[in-house]
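Bear in mind the structure is a predicted one, so any value in this text is a computation, not a measurement.
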Amino acid sequence: MPLPHFLVIGAPKAGTTALYAALRRHPQLYLPDVKEPKFFLTDGPPPSTGGPGDVQTYREHVWRKDDYEELFAPAPPGTLLGEATPFYLYDLDAQRRIRALVPEARLIAILRDPVERAHSNWTHLWSAGLEPIGDVVRACAAEPRRVRAGWAHFWHYTGLGRYGEQLAHLFTLFPREQVLVFRYRDLVDRPARTLDGICAFLGVEQGLVTEVPRENVTAHPAAGGRHAVLAAALRAGTRAGRFLPAPLGRGLTERVEHLLQRRGARRRPLTWEQRSALIPYFAGDVELLQRVTGEDFSDWLRPRERSGGLVGARPPGQRQSRNGRPRPA
């Protein structure tokens, strides 16, 4: 049965959903309808406990090998097979599982300013009604406690952005020529050239995909009574959903989530006060990243000329992505 030839391995909130949507348009590539199957995150069934909403997400994992291989069964003959689960870069055990099962796979990593990435990650969960802390700095301070309590990777706002540690480990498992690393801003500012570089790395024809769709754009509902009531209802719904059939549980929470995000504005830029409070989480790792890659990332330790969501307001009718579910072709 088929297994992937390439994997988009990271990082979350760095354009992986948009890249997945763009690569699906290439006739020589096949990515399955499920974005983020998360197969390599476990050796068996996913956990049964976690933070708000985690159990519902765990129920969407494609963790059985037969089911994972079946995702690629519809691929046209001769196409390169790939998938996108951006937690593979962060999860060092996942890196080892990839090495064991598909050692020749090509790996793609998108790196985003880790402070911006953490803020976008926090906003995503705030927008979804799952994050109970209404300030990104305080939410990052709560991360060690949440990690000890077994909350899922997506709550690891600062840990997910320590790319130096992650790549240093990855390069002990895979030769560097099998790994493509580039910046999120390249995907935003120079999409055609960046997509051509990815196609060249994968060995498929260039120039066939030139645009990156505006996918998974985060809205930012304002704090206040309405948000508090709807978010509390949604968190209660996710707890109740554990005891309901998956489609019914999803339906209950999705309706509340839609109400919560309906009036959400575009993601608000970080203030310099917030940014300066978060930079120390990453300063040492940025130095490691520069040694590992030989590239300069020192701009991540300074004020930003641009901040907030780089892709603007959410397109009309778009909702927050639930990436473990099948998507239309």
Side-chain angles (χ1 to χ4, degrees), residues 8-21 35-36 51 53 57 84-87 89-90 109-143 146 151-163 166 182-189 212-223 227 257 260-261 264-272 274-279 281-282 285-286 297 299-300 303-315 318-323:
V8 179
I9 61 173
K13 305 308 297 182
T16 58
T17 302
L19 177 60
Y20 158 85
K35 193 259 180 182
E36 294 190 24
T57 299
T85 298
F87 300 102
L89 178 62
Y90 173 61
I110 316 173
L111 308 185
R112 183 178 187 177
D113 177 319
V115 175
E116 288 284 318
R117 197 222 64 81
H119 184 222
S120 180
N121 195 159
W122 169 84
T123 307
H124 182 121
L125 288 168
W126 172 261
S127 174
L130 298 173
E131 172 57 76
I133 299 177
D135 173 74
V136 63
V137 176
R138 290 192 295 112
C140 288
E143 184 173 323
R146 292 172 167 184
W151 290 27
H153 291 345
F154 201 44
W155 295 94
H156 302 187
Y157 299 148
T158 63
L160 285 164
R162 296 194 181 104
Y163 315 124
Q166 298 159 23
F182 63 94
R183 291 195 183 209
Y184 167 73
R185 283 188 181 273
D186 294 333
L187 198 63
V188 173
D189 294 342
V212 177
R214 294 173 63 202
E215 293 274 340
N216 204 17
V217 180
T218 304
H220 193 153
H227 184 279
E257 186 175 334
L260 187 64
Q261 297 178 11
R266 70 176 64 191
R267 186 164 67 90
R268 300 185 186 94
L270 282 167
T271 65
W272 169 241
Q274 290 173 312
R275 182 170 177 81
S276 60
L278 296 178
I279 284 175
Y281 286 105
F282 307 106
D285 187 78
V286 169
F297 291 91
D299 57 295
W300 286 353
R304 296 217 63 85
E305 295 179 2
R306 296 186 300 179
S307 187
L310 300 184
V311 290
R314 178 182 291 181
Q318 188 178 111
R319 295 169 66 175
Q320 199 75 55
S321 290
R322 294 286 299 181
N323 285 323

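Note that the CG atom of Leu111 and the CZ atom of Arg117 stand 11.0 Å from one another [nearest 0.5 Å]. For the atom pair Asp113 CG and Leu278 CG, the distance stands at 10.0 Å (nearest 0.5 Å). Glu131 contributes atom CD, which lies 9.5 Å from atom CG of Asn121 (distance to the nearest 0.5 angstrom). The line from CZ of Arg112 to OG1 of Thr16 is 10.5 Å long, rounded to the nearest 0.5 Å. Note that the CG atom of Leu19 and the CD1 atom of Ile110 stand 4.5 Å from one another [nearest 0.5 Å]. Separation of atoms CH2 (Trp272) and CD1 (Ile279) is listed at 4.0 Å; rounding is to 0.5 Å.
Ring geometry, Trp155 versus Trp151: the interplanar angle exceeds 60°, so the pair is classed perpendicular (tilted spans 30 to 60°). Taking the six-membered ring where the residue is Trp, Trp300 and Tyr163 present perpendicular rings, their angle passing 60° and hence far from 30°.
In terms of heavy atoms, Pro12 sits closest to Pro86 at CD-O, 3.3 Å. Contact detail for Asp135 and Arg138: the closest heavy-atom pair is OD2-N, 2.9 Å. Heavy atoms only, all atoms of each residue included: Tyr157 and Leu125 are closest at OH-CD1, 3.5 Å. In this structure, Ala277 and Val137 approach most closely via the heavy-atom pair CB-CG1, 4.0 Å. Across every non-hydrogen atom of Gln166 and Leu160, the tightest pair is NE2-O, 3.3 Å. Taking all atoms of both residues into account, the shortest heavy-atom contact from Arg146 to Ala139 is NH1-O, 4.2 Å.
The existence of a salt bridge linking Arg183 and Glu116 is excluded, since no basic side-chain nitrogen approaches an acidic carboxylate oxygen closer than 4.0 Å. In summary, Arg185 and Asp299 do not engage in a salt bridge, as defined by a charged side-chain N under 4.0 Å from a carboxylate O.
The closest donor-acceptor contact from the side chain of Glu143 to the backbone of Thr158 lies under 3.5 Å. The backbone N or O of His119 sits less than 3.5 Å from a side-chain atom of Thr123, completing a donor-acceptor pair.
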Notebook entry, point to check: For Tyr281 and Arg162, what are the C-alpha separation, side-chain angles and deciding distance, and is it a side-chain contact (heavy atoms from CB on, under 4.5 Å)?
Noted result: CA-CA 9 Å; Tyr281 286 105; Arg162 296 194 181 104; 4.1 Å; yes
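Between Val115 and Phe282 there is a side-chain heavy-atom pair separated by less than 4.5 Å. Under the 4.5 Å side-chain criterion, counting only non-hydrogen atoms from C-beta, Glu36 is not in contact with Tyr20.
Using modelled atom types and a 3.5 Å distance limit, the side chains of Tyr90 and His156 yield a donor-acceptor pair.
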